[in-house]
Undergrad: 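Have a look at this one.
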Amino acid sequence: MRPARPDLAPRPGLSRDEMESLQRRVAETAVFEDDLPFDPARVSLDTPETENRTLTEATALGGDADGDSPPLVAGIDQSFLDDRALSAVVVLRGGEVVERVHAVSDLDLPYIPGLLSFREGGPILDALAELDCDPDLLVFDGSGRIHFRQAGLATHLGVVCDAPSIGVAKSLLCGTPDEDVDGRPEGWRTPIRADDSVDAVGGHPADPETTIGYAFQSRQYDSRPIVNPLYVSPGHRLSAATTVDLVSRLSGSYKLPEPTRLADAYADEAKAQYE
DNA sequence: GCGACAG
DNA sequence: ATCTTGTCGC
């Protein structure tokens, strides 16, 4: 898939101030409301035998989520080799993997909280460029709107690709949960509201009333090692409520949503060929 | 100055 | 993210 807004793509060599101002431009461009080319209810991990093979092949490379075939959902994750990143993308349609690609790219920056997209964004775009199909939804490993300037990795790349995107993080970058998140039952969720560290930008407020994401308990085994919740947030073209709903629909038997879990495994698997 | 921070 | 042994449980 090709970047719709290459002008907003993360570029190496920018100063910290330039990176932050680019993030504000990204946030202003971002849409935190549902603007989808498909019905969220059609996203699932099911593989109904009623799936039409011919139609499946016909839309495999097109990307449109029309007809009976479920939307194409891409999971994206990375593994690292010295100063290089291996970005992996696994695309699912329902419960089936329809495409897997990866790219190895040089890293320009170290990890800096708040500037993750400038370290991993370029490498991820390299992998997405290898894709033959055109995903309807992008699921990133990291935050979207839950970010100091409301422009985390998922928002930045979602805007650059102008595709609906979701951010799934394993820990909270900023914002405040409405309730305590410890030891909650499977399926539980609570809003993450903007706090003092979140800036208002574009038409997006940042007062304590603004829900920038959700803490979501995707899995909880029979007690024991209490599983921490996931922190999900809209990347682009999605509301916070629909974002949790989609992550819930994409959750299988593990803590991470299936697209992310598969991309995570593929990133490690492919890594072996380079070390 | 203090605190806090996705992967 | 990555470095890593053993250990508990289905």
Side-chain angles (χ1 to χ4, degrees), chain A residues 10 16 19-20 23 26-27 30 75-89 102-127 138-158 165-177 181 192 194-199 206 212-216 218-236 240 243 247 252-257 259-261 263-272 274-275:
Chain A
R16 180 164 190 138
M19 290 191 274
E20 294 189 358
Q23 290 183 321
V26 165
I76 299 134
D77 193 31
Q78 302 173 302
S79 58
F80 299 84
L81 320 297
D82 294 315
D83 264 33
R84 293 179 301 168
L86 189 157
S87 309
V89 182
H102 74 267
V104 175
S105 325
D106 291 317
L107 291 166
D108 307 301
L109 304 171
Y111 163 67
I112 300 171
L115 298 178
L116 183 65
S117 67
F118 288 91
R119 170 180 168 79
E120 308 187 340
I124 288 175
L125 289 174
D126 290 340
L138 268 23
V139 181
F140 294 99
D141 198 34
S143 293
R145 193 181 185 182
I146 293 180
H147 180 273
F148 311 122
R149 289 165 290 284
Q150 301 189 51
L153 178 72
T155 296
H156 199 154
L157 298 186
S165 64
I166 287 175
V168 177
K170 293 180 284 298
S171 59
L172 191 59
L173 175 62
C174 60
T176 309
V181 305
I192 297 297
D195 60 19
D196 296 329
S197 71
V198 179
D199 298 340
I212 56 178
Y214 277 88
F216 173 59
S218 60
R219 202 77 230 265
Q220 196 59 278
Y221 308 97
D222 300 307
S223 63
R224 291 305 164 77
I226 298 174
V227 180
N228 297 312
L230 247 27
Y231 294 94
V232 308
S233 55
H236 182 44
T243 296
V247 171
S253 307
Y254 302 84
K255 174 175 179 177
L256 294 174
T260 302
R261 192 181 71 78
D264 186 75
Y266 180 43
D268 281 332
E269 176 191 323
K271 178 180 179 180
Y274 299 85
E275 58 181 6

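Lettering of chains follows the sequences in order, A, B, ..., and the numbering in each one begins at 1. All figures in this text were calculated on a predicted structure; none of them were measured in a lab.
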Undergrad: Base, sugar-phosphate, or nothing for A:Leu86, non-hydrogen atoms under 4.0 angstrom?
TA: nothing

Undergrad: Within the structure provided, determine whether A:Tyr274 and A:His102 are in side-chain contact (heavy-atom separation under 4.5 Å).
TA: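 Answer yes - side chains close enough.
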
Undergrad: Would you mind reading off the distance between A:Phe216 atom CZ and B:dA6 atom C1', rounded to a whole angstrom?
TA: 19 Å

Undergrad: Round to a whole Å and report the spacing from CZ of A:Arg84 to P of C:dT2.
TA: 14 Å

Undergrad: How close or far is atom P of B:dG7 from atom CG of A:Leu157, stated in whole angstroms?
TA: 15 Å

Undergrad: Within this structure, what is the CG-to-P distance between A:Asn228 and B:dA6, rounded to whole angstrom?
TA: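 For the pair A:Asn228 CG and B:dA6 P, the rounded distance is 13 Å.
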
Undergrad: Please tell me which of the listed nucleotides, B:dC5, C:dT2, B:dG7, lies nearest to the side chain of A:Phe148?
TA: B:dC5

Undergrad: For the pair made of CG in A:Asp195 and P in B:dA6, what is the distance, rounded to whole Å?
TA: 13 Å

Undergrad: Can you give the dot-bracket line for DNA chain C, where a pair is Watson-Crick or G-U wobble with both atom distances under 3.5 Å, crossing pairs use [ ], and | marks a partner on another strand?
TA: ..........

Undergrad: For the pair made of CG in A:Leu172 and C1' in B:dC5, what is the distance, rounded to whole Å?
TA: 10 Å

Undergrad: Could you tell me if the side chain of A:Ser79 sits less than 4.5 Å from the side chain of A:Asp268, heavy atoms only?
TA: yes

Undergrad: Measure the shortest side-chain to side-chain distance between A:Lys255 and A:Asn228 over non-hydrogen atoms and say whether it is less than 4.5 angstrom.
TA: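 In contact.
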
Undergrad: Are side-chain heavy atoms of A:Val247 and A:Tyr214 found at a separation under 4.5 Å?
TA: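 They are not in side-chain contact.
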
Undergrad: Using whole Å, what does the distance between atom P of nucleotide B:dA6 and atom CD1 of A:Ile124 come to?
TA: 16 Å

Undergrad: With a cut-off of less than 4.0 Å, is there a side-chain N or O of A:Lys170 near OP1 or OP2 of B:dG7?
TA: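 Checking A:Lys170 against B:dG7: at least one side-chain N or O falls below 4.0 Å of OP1 or OP2.
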
Undergrad: Describe the nucleic acid contact of A:Ser79 in one word from base, sugar-phosphate, nothing, applying a heavy-atom distance below 4.0 Å.
TA: sugar-phosphate

Undergrad: Rounded to whole angstroms, how far apart are CZ on A:Arg149 and P on B:dC5?
TA: 16 Å

Undergrad: With respect to the phosphate group of B:dA6, does any side-chain polar atom (N or O) of A:Tyr111 fall under 4.0 Å of OP1 or OP2?
TA: yes

Undergrad: Which of these passes side-chain contact (heavy atoms from CB on, under 4.5 Å) with A:Phe140: A:Leu116, A:Ile166, A:Val168, A:Ile124?
TA: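 When side-chain contact (heavy atoms from CB on, under 4.5 Å) is applied between A:Phe140 and each of A:Leu116, A:Ile166, A:Val168, A:Ile124, only A:Ile124 qualifies.
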
Undergrad: Between A:Arg119 and A:Ile112, is any pair of side-chain heavy atoms under 4.5 Å apart?
TA: no

Undergrad: Which pairs count as salt bridge (Lys or Arg N to Asp or Glu O under 4.0 Å) when at least one residue sits in residues 141-151 of chain A, sequence neighbours excluded?
TA: A:Glu20-A:Arg149, A:Asp141-A:Lys170

Undergrad: So, OP1 or OP2 of B:dG7: does either fall under 4.0 Å of a side-chain N or O from A:Ser171?
TA: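 Yes, such a contact exists.
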
